[in-house]
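Reading through the structure tokens given below for one structure.
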Amino acid sequence: MRLSHTLAPTLKETPAEAQIVSHRLMLRAGLVRQTAAGIYAWLPLGWRVLQNIARIVREEQDAVGAQEMLMPTIQPAELWRQSGRYDAYGPEMLRISDRHDRDILYGPTNEEMITDIFRQSVKSYRELPQMLYHIQWKFRDEVRPRFGVMRGREFLMKDAYSFDLDYAGAVVSYRKMMLAYMRTFQRLGLKAIPMEAESGPIGGNLSHEFIILAPTGESQVWYDAVFEEMDFAAGRIETDAELEQFFAQMTTPYAATDEKHDAATWAQVTNQREGRGIEVGHIFYFGTKYSTPMGLTIAGRDGAPIAPHMGSYGIGVSRLVGALIEANHDDAGIIWPDPVAPFRAVILNLKPGDPACDRMCEDLYARFRGGALYDDREERAGVKFADADLMGHPWQIVVGPRGAAGGRVELKRRAGGERQELDIDAALAKIG
RNA sequence: CGGGGCGUGGCGCAGCCUGGUAGCGCGCGUGUUUUGGGUACACGAGGCCGCCGGUUCGAGUCCGGCCGCCCCGACCA
């Protein structure tokens, strides 16, 4: 994209409504614009980040055998009456009615809907287990939206649902999801720790929330240092035994938020770490909480009906954008981890109109085939440097008259700030 | 939902107490200037002062109602 014709309205000053750093930077870098309290429009750069995160989430869901689908945002109230949650859910649920006065709602989650779909079609134990997920917008009418996209009313969420024949099967699904989550967060460049959680309004008794570490996080967390060393890219985890071992590795060392923190147990931890954290995911097992009231049964081996054991698994995709910024920024702006950056590199033409600079930039830009942002604006060098730092692309390729004459560019790494002068091929090789 | 605050060109703000022709900085446009970290100067465009009603000769300013947004708390991916 050429920045001169891109809707990326950067701001020198911070809009008054933004308090926390990620919200400020998202506004200032031109990633989002607020439409109403807790509701945001995603501008081109922000949308690219959101899609990059969704892509990684998707790949890791697929890798543990979950199937992607897409359910609607609008749901009939009838489904929620069947589970009993239409009355139980409270004012957080956005209730609407259509022209025929039928009660509908903007889904805050999809347990009822997936259960309904599943019961219509799945009839035999032979078809289980199954895991399904979708990445869809949700709406929860928070009393008090805040922190920008970290706590919006409309938000993009990956939610997955597992169906198993019995508890033992459900535990395997649960562990697979935990594995997918740890891999996902690692790929996003985040340190995430699973912490035992209350099961909340959705119900259940096996539940973990995933907290990522960020100095500006909203809650205090206590954890064992072993979590900092874990690497989920290495080593295969596939069999039930390997999964069980993985699960033990995740759940045995101490990790707690203020709600569950226990001073006595904590005192026995050898390598203590304290920090701040942000919740970005939550997984639950809830048994037959929905299958039973909604009449989801399948035929078992002996022909008798079985109510599947279910679980649900959420990742706050849009919240992750904010969380990533909380974890990766400095005074000048955002520092995107490579896999999620809107663009891998930005080309700064310090002197548009200068034939050598223009030629070199056009050549570079073409070689990225759309994978780079080209700052071709007629702006001062200082403006371009400041905006590039603010927007946080991992690499900055600086093309000025000085170097262009000798066929050289200056390559700057946003994280760390090292620069070096290279010829084009060497720079491209380095960026990869 | 309890407590607090704020709505004035795109953004940040002053003006309101004490009513009398709507201001500043940034940004935007044009020209000159500058040319590797938000350059300087000149000219210019842009505002039903959140909305409705009231008081008054006259309301951004005073009074009433409504709407929106933000912060703290309780609640949450």
Side-chain angles (χ1 to χ4, degrees), chain A residues 7 9-20 23-24 27-28 30 33-39 53 57 89-93 107-110 135-160 181 197-202 207-212 218-219 257 259 278-284 312-323 331-333 348-354 357 375 377-390 396-404 408-410 412 417 419 421:
Chain A
L7 182 63
T10 56
L11 262 25
K12 206 188 279 190
E13 288 172 290
T14 304
E17 74 263 20
Q19 297 299 313
I20 63 161
H23 191 194
R24 278 188 234 154
L27 257 15
R28 286 194 52 216
R33 282 292 112 104
Q34 180 168 314
T35 293
I39 302 179
I53 295 170
V57 168
Y89 211 89
E92 257 198 358
M93 185 155 74
T109 177
N110 287 68
I135 299 175
Q136 177 62 292
W137 294 94
K138 304 279 189 293
F139 194 94
R140 289 182 195 169
D141 199 358
E142 297 280 344
V143 199
R144 192 189 154 207
R146 59 182 132 170
F147 307 143
V149 299
M150 299 255 290
R151 178 84 175 278
R153 290 193 293 172
E154 187 183 50
F155 54 97
L156 188 62
M157 179 176 173
K158 183 286 301 180
D159 43 321
Y181 275 41
E198 305 289 351
S199 44
I202 293 181
S207 168
H208 286 85
E209 54 187 36
F210 293 79
I211 305 286
I212 63 152
E218 27 180 347
S219 44
T257 58
E259 291 138 28
I278 302 167
E279 185 186 351
V280 291
H282 205 152
I283 61 179
F284 308 75
S312 73
Y313 315 87
I315 290 181
V317 178
S318 49
R319 167 178 282 195
L320 271 168
V321 179
D331 289 344
L348 305 187
N349 187 344
L350 294 194
K351 192 167 186 182
D354 176 89
C357 288
D375 190 347
R377 297 174 302 169
E378 295 194 22
E379 287 287 356
R380 302 259 319 164
V383 172
K384 298 192 178 192
F385 288 133
D387 276 348
D389 285 347
L390 175 60
Q396 296 172 14
I397 308 172
V398 182
V399 178
R402 231 164 47 198
R408 295 172 80 77
V409 299
E410 185 180 273
K412 175 180 163 182
R419 320 155 187 233
E421 218 178 276

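Each chain gets a letter, A, B and so on, in the order the sequences are listed, and its residues count up from 1. None of the values given here were measured: they were computed from a predicted structure.
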Separation of [N] [atom2] from [X] [atom1] (nearest whole Å):
X	N	atom1	atom2	answer
A/Glu379	B/G29	CD	C1'	13 Å
A/Ile283	B/C76	CD1	P	18 Å
A/Arg24	B/C70	CZ	C1'	13 Å
A/Glu17	B/C11	CD	C1'	10 Å
A/Phe147	B/C76	CZ	P	15 Å
A/Arg153	B/C69	CZ	P	7 Å

Worksheet, complete the sentence: When A/Val383 and A/Glu218 are each assigned the nearest nucleotide of RNA chain B, the 5'-most assignment goes to A/Val383

Worksheet entry | RNA chain B: 5'-proximal contact among A/His23 and A/Met157 (nearest heavy atom) | A/His23

With hydrogens left out and only the distance checked, is there a donor-acceptor pair under 3.5 Å joining [X]'s side chain and the base of [N]?
X	N	answer
A/Arg419	B/G37	yes
A/Arg28	B/C11	no
A/Glu13	B/G27	no

Among [options], find the nucleotide with the atom closest to the side chain of [X].
X	options	result
A/Val143	B/A74, B/C71, B/G36	B/A74
A/Glu142	B/A77, B/C70, B/G12	B/A77
A/Arg319	B/A77, B/G36, B/G38	B/A77
A/Arg146	B/G73, B/C13, B/G36	B/G73
A/Asp389	B/C70, B/G36, B/G37	B/G37
A/Ala381	B/G73, B/G36, B/C76	B/G36

Just to confirm, is there a sub-4.0 Å distance from OP1 or OP2 of [N] to any side-chain nitrogen or oxygen of [X]?
X	N	answer
A/Lys12	B/G27	yes
A/Arg402	B/G36	no
A/Arg144	B/C1	no
A/Gln34	B/C70	yes

Discussion item. According to a cutoff of under 5.5 Å between the ring centres and under 30° between the ring planes, does A/Phe155 stack with the base of B/A77?
Written reply: yes

Discussion item. Rounding to an integer number of angstrom, what distance separates B/C16 and B/G50 when you compare their P atoms?
Written reply: 15 Å

Worksheet item: B/C51 and B/C13: how far apart are their C1' atoms, nearest whole angstrom?
Response: 23 Å

Fill in: A/Glu279 vs A/Arg319 side-chain heavy atoms within contact, under 4.5 Å
yes

Fill in: Side-chain heavy atoms of A/Ser207 within contact of A/His282, under 4.5 Å
yes

Discussion item. Both distances below 3.5 Å, Watson-Crick or wobble geometry, any strand: find the nucleotide opposite B/G68.
Written reply: B/C6

